[in-house]
Chemist: 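Before I ask anything, let me first share the structure, which is written out below as structure tokens.
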Amino acid sequence: MKKVMLSALLCIWGMVLHAQVKVFSRYNYYLAEKEGSIICILPDQGNYKLNLSLGSDKIETTAKAEGQRLSSRFNLDVLPIGSTTLHYVLEKENATVQKGDISITKLAPKANAVQIDQLTGGLIADGLPFFPFGFYCVPVGDLPEREVTHGFNMIGVYQENLPEGMAERRAYMDRCAQVGVKVQYGVNSLVGSGHNGDKGLDKTEQEKLALLKSEVLAFRDHPALLSYYINDEPDGQGRPPAVLEAAYQLIRELDPYHPVSIVFMMPQKANDFRNTMDIAMTDPYPIPGPADKVMDDLTQYAKAYQYEKSVWLVPQAFGGQEMWNREPTGAEIRLMTYMGLIGGAKGIQYYVHAPGNLNPQSVSAWSSASNVAVETAQMTSFLLSADQAPALHADDPKILTKAFSYQGNTLLIAVNNENKPKAYTLTTEMHKNANVECWFENREVAMENGVVHDIIDAYGTRVYLIRGNNPSAIPADNMTLNPGFEKIVSPGLPIGSNVSSTSHRKADVGASFFADPREHAEGMFSLRLITPVDSGGNKIRLVPMVMTKGNSYTVSIRAKAKAQEHMPSFRIAVDAMEQDHTFTLTSEWKEYNFTFQAPVSSTTAILSLELIQQGTAWFDVLTASPDPVITYKINADHTATVQINTNSNKEVRYAVNQLPDAQSALYTQAFPVHVAGMISAGIFEHGRQIAGSGIFVPVNLALGKKVSIAQAYAPQYAAHGDSTLTDGIMGTTAFKCGKWLGFGGKDLDATVDMETVTPTKRVIASFLCDPNSGIFLPKEVAVYTSKDGKNYKLAGKVYNNKNVRGEPYLQQFSIPVKGSARYIRVTGKAFGAIPEGYLFVGSTSWLFTDEILVQ
């Protein structure tokens, strides 16, 4: 009896366990991937193993377990094109847990293919993760070109599908392809009856299927095609699933590369329509009531179709009609959309948008939709990631939360489902201390032991980024701001640049530029440019850099382009340096660079970047660095150690107070410098200098000595305070470099305490001349010496009448000194009022100084 009971219990346990195991192919079909992947969702974290076989042949697999998920990968080369049935056996500790057959589809590569990642429910379009974010519309008008620049990447058009409108449909599809917008192609007029009792198209089912066939054949190869939209709310309209299944099967036979979608309204009927589509959309329209129905419906569809289909949300963007007495507010649109992201939606398609303020009527409402579009694009890598994320919960049940992980980084999303602001606490299982970035807000909050305290607006949203320890590929001597496009303050827009057009005459209103998390050579983002027509794109202009005449610089960028018949080229230029270079892109990441010697000095050297021909391209790690780079370290004995670095593998030679040549000293290691002087280095190839740079090394007796300044410098130009004049750090020609003391309308009066009476031969004072910025050299510079700090005598004075306009330059005033002194006082008489012929005429000039040298 006990044996019978034990056997029955084991049988029941096996049945329960069997029901809990889900085994499926990672993708609905495979293309050029080298590996296939079978996913097992397990009931526990035990020691599982998956065996695959094709007929009688065992297939070698490599397995990776993550929590209660097992991924088994195998070589796709063993499978032919088409559908193949594999047999699997899932074991736990050598005992069979479950076995069965699984179908794997492998198709020939195709440029516009759209796959479904059945593990996440996300789409892969053009070989990249794709989060559709768009809207229903009618008519199309200029919406694609206008809304793509606002962050939208997809439209779904309500349309007739009659032959006489084919040219119009092809025209908008072509335009969408140009500007980078995908289309959920509507063929719903051809499937089933009309809406709300309307008969629909006056044709037989056979005639409609014939038209459907012609539509699919016409657009299945179109680069803008994302999916086919075949029906509106068939569950609520009483349309039989069989009618939809017939249309679905026809489309799949004609075009296995693109999914089919339907919007539903009754989650309880989800199973009835399981065989009618690949994308299940849900359209709860709850406003003016509570928004909770969004989460309720979406959760039910996500559960019903998990690991099988992609589930999208259709947020409400209309009102003032039928039973909806008003539109959602901007905050409510934001709330519903973020509910969708938390609830697992892998696509957002607002209902509805029309040119002008027709739908929605509120400008602020559609602005909110656009804001969330750009935010969602920035979060795409997280939203479509299969990485295991930490648990997250809030102390308030009305705060909805979800965590996402991607390549060691973590994103936390919180949504306030109440129309009142509040303070709240988020708790994660991360147990770490960190500064957490509040994405889209340009602020940070502290995380202490995995806990975040913050406030949230009424119906508000918060997104927090916790960065992992990812190494950077940016060279330490880079001069560009935000070279990896990682710093983003306004959603989608990396800081550090502005934009103009490649050609104002040919400028295309649909040209766009955004930070893209789906492609990057390093970090989390690249900059994506889409140029719809040749010379019709955007020109990205970086903030100005400081470059010095005679010094050499290397500009480098990594880039790739979307594959097309004729690959586009890009231009990178530094106009002030007479540099203009064009490179042809490939479909793989590649580094492009050039080195030049600056013909002039400039504080406004602007590096520009543009995609010249039609296409889509990504750019990353845009750097400009001196080459070679000379650095020095001040030693305690008032000497300096000089080091020279270069990215080149060619020989480097250097000289002191003169330019190097082929006979100059060969640099092999860091070397000491005992007196102040200009160190110049050059890169040589076959005896010819191909690059060079120089730096003044301020070795002198005053290094590190205490300074007292009689008149206060301006707080915004305080550098390192009084010690700026003896810290051995020289300012650049950029007055905002943070290395200058600036005096507004005041004279310089600084005294250096040498600590002991010191023999002195020369005193040098360094100043900046930049008349275009109101910075003038002093009229005169004087040096006074004293042994007791009370009685001073004039050691020397120089007069100046040199204030040259144009690019800023550095000027040193050298004054011979005889005898010994402990205290050395340097004065510089400010120029005063700016005269006629200069900018800022009549205002008081500035005086900028950075170092006092005593030799």
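Values in this document were obtained by computation on a predicted structure and should not be read as measured data. Note that these values count all heavy atoms, side chains included, but never hydrogens, waters or copies made by symmetry.
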Chemist: With Arg334 as reference, evaluate Asn371, Thr461, Thr329, Asp457 under the side chain to side chain donor-acceptor pair (under 3.5 Å) test and give the passing residue.
Modeler: Thr461
Chemist: Specify the closest pair of heavy atoms between Val138 and Tyr158, including all atoms of both residues, with the distance to one decimal.
Modeler: CG2-O, 3.7 Å
Chemist: The criterion is salt bridge (Lys or Arg N to Asp or Glu O under 4.0 Å); which residues satisfy it with Glu519, sequence neighbours excluded?
Modeler: Lys560
Chemist: Could you check Ile251, Asp278, Leu226, Asn28 and say which one makes a side-chain contact (heavy atoms from CB on, under 4.5 Å) with Pro259?
Modeler: Asp278
Chemist: Is the count of non-hydrogen atoms from other residues, nucleotides or ligands lying under 6.0 Å from Glu164 atom CD greater than 12?
Modeler: yes
Chemist: Could you tell me how the ring of His581 sits relative to the ring of Phe583: parallel (under 30°), tilted (30 to 60°) or perpendicular (over 60°)?
Modeler: parallel
Chemist: Any idea which heavy atoms bring Pro494 and Ile488 closest together, and the distance?
Modeler: CA-CG1, 4.1 Å
Chemist: Does atom CD of Glu591 have more than 12 heavy-atom neighbours, drawn from other residues, nucleotides or ligands, at distances under 6.0 Å?
Modeler: yes
Chemist: Work out which heavy atom in Val314 is nearest to a heavy atom in Tyr350; give both atom names and the distance.
Modeler: CG1-C, 4.4 Å
Chemist: Are Phe318 and Tyr285 close enough that their ring centres sit under 6.0 Å apart?
Modeler: yes
Chemist: Heavy atoms only: give me the nearest Ala224-Met173 pair and the separation to one decimal.
Modeler: CB-O, 3.5 Å
Chemist: When you look at Phe440 and Met379, which way does the side-chain contact (heavy atoms from CB on, under 4.5 Å) test go after all the steps?
Modeler: CA-CA 11 Å; Phe440 321 133; Met379 297 187 287; 3.9 Å; yes
Chemist: Does Arg175 have more than 12 heavy atoms from other residues, nucleotides or ligands lying within 6.0 Å of its CZ?
Modeler: yes
Chemist: Where do Leu611 and Leu529 come nearest, in terms of heavy atoms and distance?
Modeler: CD2-O, 3.7 Å
Chemist: Applying salt bridge (charged side-chain N to carboxylate O under 4.0 Å, His left out), run through Asp221 and Lys110 and close with a yes or a no.
Modeler: CA-CA 9 Å; Asp221 297 325; Lys110 186 173 184 179; 2.7 Å; yes
Chemist: Judged by modelled atom types alone, do Trp366 and Glu327 share a side-chain donor-acceptor pair under 3.5 Å?
Modeler: no
Chemist: Strictly below 4.0 Å, N to O, side chains only: are Arg518 and Asp126 in salt-bridge contact?
Modeler: no
Chemist: Can you name the salt bridge (Lys or Arg N to Asp or Glu O under 4.0 Å) partners of Asp142, sequence neighbours left out?
Modeler: Arg146
Chemist: Going by atom types alone, do Tyr228 and Glu215 pair a side-chain donor with an acceptor below 3.5 Å?
Modeler: no
Chemist: State, to 0.1 Å, how close Ala624 and Thr480 come at their nearest heavy-atom pair, and which atoms those are.
Modeler: N-CG2, 3.7 Å
Chemist: Do Tyr172 and Gln159 have side-chain atoms, one donor and one acceptor, less than 3.5 Å apart?
Modeler: yes
Chemist: Any idea how Phe382 and Trp439 line up, ring-wise: parallel (<30°), tilted (30 to 60°), or perpendicular (>60°)?
Modeler: perpendicular
Chemist: If you measure from OG on Ser368 to CD on Glu332, what distance do you get to the nearest 0.5 Å?
Modeler: 10.5 Å
Chemist: Does atom CD of Glu441 have more than 12 heavy-atom neighbours from other groups under 6.0 Å away?
Modeler: yes
Chemist: So, are Asp516 and Arg528 salt-bridged, with charged N and O less than 4.0 Å apart?
Modeler: yes
Chemist: Please tell me if the side chains of Ile540 and Val499 come closer than 4.5 Å, counting only heavy atoms from C-beta onward.
Modeler: yes
Chemist: Under 3.5 Å, is there a donor on one side chain and an acceptor on the other for Gln613 and Ser569?
Modeler: yes
